[in-house]
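Model, not experiment: these values are computed from the prediction. Order of the sequence lines fixes the chain letters, A, B, ..., with proteins taken first and strands second; residue numbering starts at 1 for each chain.
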Protein chains: 2
Amino acid sequence: MTAKNIRARVRDELTSEIKAIARRQLATEGANLSLRAVARELGMVSSAVYRYFPSRDDLLTALIIDCYDELGAAAETAEAAVDRADLLGRWLATGHGIRDWALANPAEYALIYGSPVPGYKAPETTVGPATRTTDLLLGLLADGVATGALVADAAEPGRAAGTAPPVPVELGAELDRIAAAACPTVPREILARGLTGWIQMFGVVTFELFGRFQNMIEDSRRAFHDHQLRVMAGYIGLR
Amino acid sequence: MTAKNIRARVRDELTSEIKAIARRQLATEGANLSLRAVARELGMVSSAVYRYFPSRDDLLTALIIDCYDELGAAAETAEAAVDRADLLGRWLATGHGIRDWALANPAEYALIYGSPVPGYKAPETTVGPATRTTDLLLGLLADGVATGALVADAAEPGRAAGTAPPVPVELGAELDRIAAAACPTVPREILARGLTGWIQMFGVVTFELFGRFQNMIEDSRRAFHDHQLRVMAGYIGLR
DNA sequence: AACTGTCAAGAGCACTGCTCTCGTTTTGTT
DNA sequence: AACAAAACGAGAGCAGTGCTCTTGACAGTT
């Protein structure tokens, strides 16, 4: 069986080496990386690379999946280090974990959360790894609901009526559908708040990564992100 | 002088025709549009286009400036139609105006708010048009402060203490610097809240445009955006 | 009428994704 | 052990790209 694995193992090694070189080129070339350049750096001929990835888009797909998985793993380990009962701490750890990974891998973040590549259509195989980060939030909400730490607006102490508008009816059905599929125990009001915080979190990271903070927030970007996280945590009801 | 203008006028017409065709190709090709394809569609030879735009990046810059201006104008006209005293209405109009433009011009929105183009460095000439939308928010905040409708957290009725975390000291200096340069009358707490709402607004539009709502929010995206706008308006204190 | 600057066209360079063919090597089967 | 089948790397080639340079034609100025 080792004889059988000789070729397979070389293939696996070359496959991941191609991906590694492509990842490195991603940093300088962005989404329009060159298969020929990868082959050149590998000492191979361009047509040989096509034995491993049938097209450039397939290479991109492999990279996207890897990046989703890496980001998901980074967020998960950051979140797992916090006491389960500390909902706010888990939320903060998740948010900072995602930002840290994004700052360490800006090109990769742009690949998965930036503008869609023109002719590229993400296949179904990418949705699984993509939901790893959102699953963290949903787990957070479900845990909060289970322990009673997270309650809907009306019953929540310390929050005055009228501050937060109620979920409109048009949204209700859709939110219920999402909850039924992903987190049946979470009421729609809490799910809506979680979604708002989730979007804000990625919005801040995206703004920072894409240079929209230039000439604005320069020295205290981490503190800014932390503040946004805490604001949204307060809105969601995490404490 | 008309004799002199014959050439200049033809030049201007051709310049805008090139930009128009490039805009149209932007929709299908994304940021990596082809100068040769533009020339082909124009019945010209590629080298002739270089008389009008010294490089592909310069064409891109021209498009970016046009898009920023268009988005800014769309947001301004939407906001200008609302009664000056109606801060919430102005905020909603701005937000929906931006979203409407983005939905009508998704490729253009991706160009200016999506991932930065790999080798491309936006020149200084783009920052002016880029700030048109943020100026709307700052004007909104300044108006609210001037009329007394917008007040800092502690004095604001209907909001309980502890819901919104205070601005951390590290952020304070930076926020004061921004305020001093752009909106001297707006206190840092209100500016911080406005910034949060601003990021959330663009975050929602970006998520929707970049396909992150697929299999989640499908039928009520406008209502969702509207709800987000109202949530953030409540947080900022607009009413 | 002569000069000067602008223009479109064409050839050419180096690059890209991708396909096809060719000889070689490895694999699985008889 | 022998052999067919599959996998592999190399090379040539096609159509496309951004960009540069040169050439010849035209317009505006003096």
Can you tell which of D:dT17, D:dG9, D:dC19 lies closest to the side chain of B:A37?
D:dT17
Are side-chain N/O atoms of B:T133 and B:Y68 paired as donor and acceptor at under 3.5 Å?
no
With the side chain defined as heavy atoms from C-beta on, A:R7 is closest, among D:dC8, C:dG17, C:dC20, to D:dC8
Looking at B:R51 and C:dA8, is any side-chain donor or acceptor paired with a base atom of the opposite kind under 3.5 Å?
yes
Hits for ring pair (Phe, Tyr, Trp, His ring centres under 6.0 Å) against B:H227, two or more places apart or cross-chain, chain-then-number order -> none
In terms of side-chain heavy atoms of A:L14, which of C:dC18, D:dG11, D:dG9 is nearest?
D:dG9
Rounded to whole angstrom units, what separation is found between the CD atom of A:E13 and the P atom of D:dG9?
13 Å
Is the phosphate of C:dT6 approached by B:R11 (side-chain N or O, under 4.0 Å from OP1 or OP2)?
no
Taking only residues two or more places apart in sequence, or in another chain, which ones meet A:R177 in a side chain to side chain contact (heavy atoms under 4.5 Å, CB included)?
A:E174
Using whole Å, what does the distance between atom P of nucleotide D:dG28 and atom CZ of B:R9 come to?
12 Å
Heavy atoms under 4.0 Å, any strand shown: does B:S55 hit a base, just sugar-phosphate, or nothing?
sugar-phosphate
Between atom OH in A:Y50 and atom P in D:dG11, what is the gap in whole Å?
17 Å
For A:A62, which residues count as a side chain to side chain contact (heavy atoms under 4.5 Å, CB included) partner, sequence neighbours excluded?
A:K19, A:F53
Which residues pass the side chain to side chain contact (heavy atoms under 4.5 Å, CB included) test with A:D12, sequence neighbours left out?
none
Check the distance between D:dG16's P and B:R40's CZ and give it to me in whole angstrom.
7 Å
Counting the atoms with a prime plus P, OP1 and OP2 as sugar-phosphate, which does A:Y52 contact under 4.0 Å by heavy atoms, base, sugar-phosphate, or nothing?
sugar-phosphate
Stretch residues 18-36 of chain A: residues that reach within less than 4.0 Å of DNA chain D through a heavy atom:
A:R36
Length of the line joining A:M44:CE and D:dC8:P, which is rounded to integer Å
10 Å
Quick check: closest heavy atoms across A:W91 and A:M232, and the distance to 0.1 Å?
CZ2-CB, 4.1 Å
What residue pairs, at least two apart or across chains, pass side-chain hydrogen bond (donor to acceptor under 3.5 Å, both in side chains) with a residue in residues 46-56 of chain A?
A:S55-A:D58
Short of 4.0 Å, heavy atom to strand atom, which residues of residues 57-66 of chain A count as contacting DNA chain D?
none
Report all side-chain donor-acceptor pairs from residues 195-211 of chain B shorter than 3.5 Å, counting only partners two or more places apart or in another chain.
from   : atom 1 : to     : atom 2 : distance (Å)
B:T196 : OG1    : A:Q228 : OE1    : 2.8
B:T196 : OG1    : A:Q228 : NE2    : 3.3
B:T196 : OG1    : B:A192 : O      : 3.1
B:Q200 : OE1    : A:Q200 : N      : 3.3
B:Q200 : NE2    : B:Q228 : OE1    : 2.9
B:T206 : OG1    : B:Y109 : OH     : 3.0
B:T206 : OG1    : B:F202 : O      : 2.7
B:E208 : OE1    : B:R99  : NE     : 2.9
B:E208 : OE2    : B:R99  : NH2    : 2.9

Sequence neighbours left out, what pairs pass salt bridge (charged side-chain N to carboxylate O under 4.0 Å, His left out) with at least one residue falling in residues 21-35 of chain A?
A:R23-A:E70, A:R23-A:E108, A:R24-A:E41
Between A:S47 and B:P54, whichever has its closest DNA chain D nucleotide further toward 5' is A:S47
